[in-house]
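In what follows, a structure is listed as structure tokens, so that the remarks can point back to it.
Everything quoted here is computed from the prediction, not taken from an experiment. The analysis underlying the following values was restricted to heavy atoms, covering all of them including side chains, and did not include hydrogens, waters or symmetry mates.
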Amino acid sequence: MTLNIPNNQINSKASKAMNLLLSRQNYLVVQGNDLAKAFGNLTSFQHKVLDYCFSFVKRDSHSTDEYMVSASDIIHHLGLTVSGTNYQRVGDAFKVLNEKTALYLHIQREDGIRGVMMTQLFSHISFYENGQVKFKFSSEAAPYIYELRKNFYSFKLRDLANIKSKYSLIMMKLWQANKMGDQSDVTITGTMEDWQGWFLGDRKRLPAKQFKQRMINVATKELGNKLDCWFLVKSITDGRKTIGYEITIHGKDTRRP
């Protein structure tokens with residue numbers, strides 16, 4: 001016996017399944033600059049290695065380009081001594097970047113049907129016995145990388161290497177991703193889940209007070225000291241419950257009130 005299900009019912013079930021899929025992902029990318037929000041599950045060291053990879057992308061880069069980097073160059077860039085332990089750290093970082101940089105991209109067919117593409121940041125990463133690393137970004141991720149590169153890297157690579165906390169690095173990326181042109185003041189608004197997703201990835205969520213103390217306060221203090229800027233952090237509340245944050249970053253050419 002064949003069970004015939006109306007097409008509209010099938011479409012409804014499929015749409016619900018897709019929405020459930022999207023709601024569970026912490027790495028969903030809507031537009032180029034949102035790549036800055038995608039990797040809260042990486043450590044500070046892994047973020048810095050990733051930023052070093054991003055720095056190879058230029059204005060005339062193509063999605064087919066491959067890049068070669070030396071592990072010793074990364075070690076020197078990060079101010080570390082060249083040793084077997086640090087070579088291992090770099091190798092382990094690339095292993096994690098290969099495994100934990102999944103991307104979920106909004107897509108839409110020509111007929112208007114929405115969907116999600118599950119892909120990876122890197123097409124491949126090759127680590128050689130002489131310490132050289134060859135990598136290529138995936139063709140699907142390349143346009144988002146170019147957009148992030150164009151906006152985020154108004155910071156110098158050496159400035160990024162001096163930042164200790166991964167939360168500070170993520171805040172820097174959010175800052176630049178939300179910046180329009182040369183504006184001095186930038187405001188980032190998000191729900192509690194937004195902020196925890198950006199900073200923690202798929203890790204366990206924290207109570208609002210702990211999250212603010214351990215992530216928000218750490219990032220704003222370090223960046224304020226090192227980049228000569230200041231932050232205004234406003235809690236968004238529903239009654240007595242904190243449900244999000246509005247953070248305004250004031251550049252060094254603006255004065256405190």
Checking side-chain polar atoms at under 3.5 Å, does S72 have a donor or acceptor matched by the opposite partner on S70? yes
How close do [X] and [Y] get, heavy atom to heavy atom, and via which atoms?
| X | Y | answer |
| --- | --- | --- |
| R205 | L200 | NH1-CB, 3.9 Å |
| T81 | N86 | O-ND2, 2.6 Å |
| K226 | I163 | CD-CD1, 4.0 Å |
| V90 | A71 | CG1-CB, 4.0 Å |
| S168 | A219 | OG-CA, 3.4 Å |
| V218 | Q213 | CG2-O, 3.8 Å |

Extract all donor-acceptor atom pairs below 3.5 Å that involve side chains of residues 128-137 and protein atoms in other chains or at least two apart in sequence.
unit_1 : atom_1 : unit_2 : atom_2 : d
N130   : OD1    : Q132   : N      : 3.1
N130   : ND2    : Q132   : OE1    : 3.2

Expected output: side-chain [X] to main-chain [Y] donor-acceptor under 3.5 Å:
| X | Y | result |
| --- | --- | --- |
| Q46 | T43 | yes |
| S44 | K164 | yes |
| D65 | H62 | yes |
| K166 | L42 | yes |

Could I get the full list of ring-ring contact (aromatic ring centres under 6.0 Å, His included) partners for F127, not counting sequence neighbours? none
Non-neighbouring partners of F94 that pass ring-ring contact (aromatic ring centres under 6.0 Å, His included), sequence neighbours left out: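 With neighbours one apart ignored, the set is empty.
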K221: which residues meet the salt bridge (charged side-chain N to carboxylate O under 4.0 Å, His left out) condition with it, sequence neighbours left out?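 Result, salt bridge (charged side-chain N to carboxylate O under 4.0 Å, His left out) vs K221: none returned.
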Mind checking the [atom1]-[atom2] spacing from [X] to [Y]? Nearest 0.5 Å is all I need.
| X | Y | atom1 | atom2 | answer |
| --- | --- | --- | --- | --- |
| I74 | Y87 | CD1 | OH | 10.0 Å |
| K95 | L97 | NZ | CG | 11.5 Å |
| D194 | I188 | CG | CD1 | 11.5 Å |
| L103 | E140 | CG | CD | 9.5 Å |
| S235 | M192 | OG | CE | 7.0 Å |
| L50 | K173 | CG | NZ | 5.5 Å |

Cluster link [X] to [Y], ILVMFWY, side chain under 4.5 Å:
| X | Y | answer |
| --- | --- | --- |
| L169 | V233 | yes |
| I145 | M117 | yes |
| I125 | Y67 | yes |

For residues 238-248, which residue pairs qualify under side-chain hydrogen bond (donor to acceptor under 3.5 Å, both in side chains), counting only residues two or more places apart or in two chains?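 Every side-chain hydrogen bond (donor to acceptor under 3.5 Å, both in side chains) pair that includes a residue of residues 238-248, provided the two are not neighbours, is T187-T248.
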Tell me whether the rings of F199 and F211 are parallel (<30°), tilted (30 to 60°) or perpendicular (>60°).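 The rings of F199 and F211 stand perpendicular, inter-plane angle above 60°.
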Kindly indicate whether the side chain of [X], heavy atoms from C-beta on, has any atom under 4.5 Å from the side chain of [Y].
| X | Y | value |
| --- | --- | --- |
| Y52 | D73 | yes |
| M215 | W195 | no |
| F54 | D51 | yes |
| L174 | I170 | yes |

Linking Ile, Leu, Val, Met, Phe, Trp and Tyr through side-chain heavy atoms less than 4.5 Å apart, which residues share a cluster with I243?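 Same cluster as I243: I236.
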I would like to know whether D92 and F45 meet side chain to side chain contact (heavy atoms under 4.5 Å, CB included); could you show each step before the answer? CA-CA 10 Å; D92 289 343; F45 187 84; over 6 Å; no
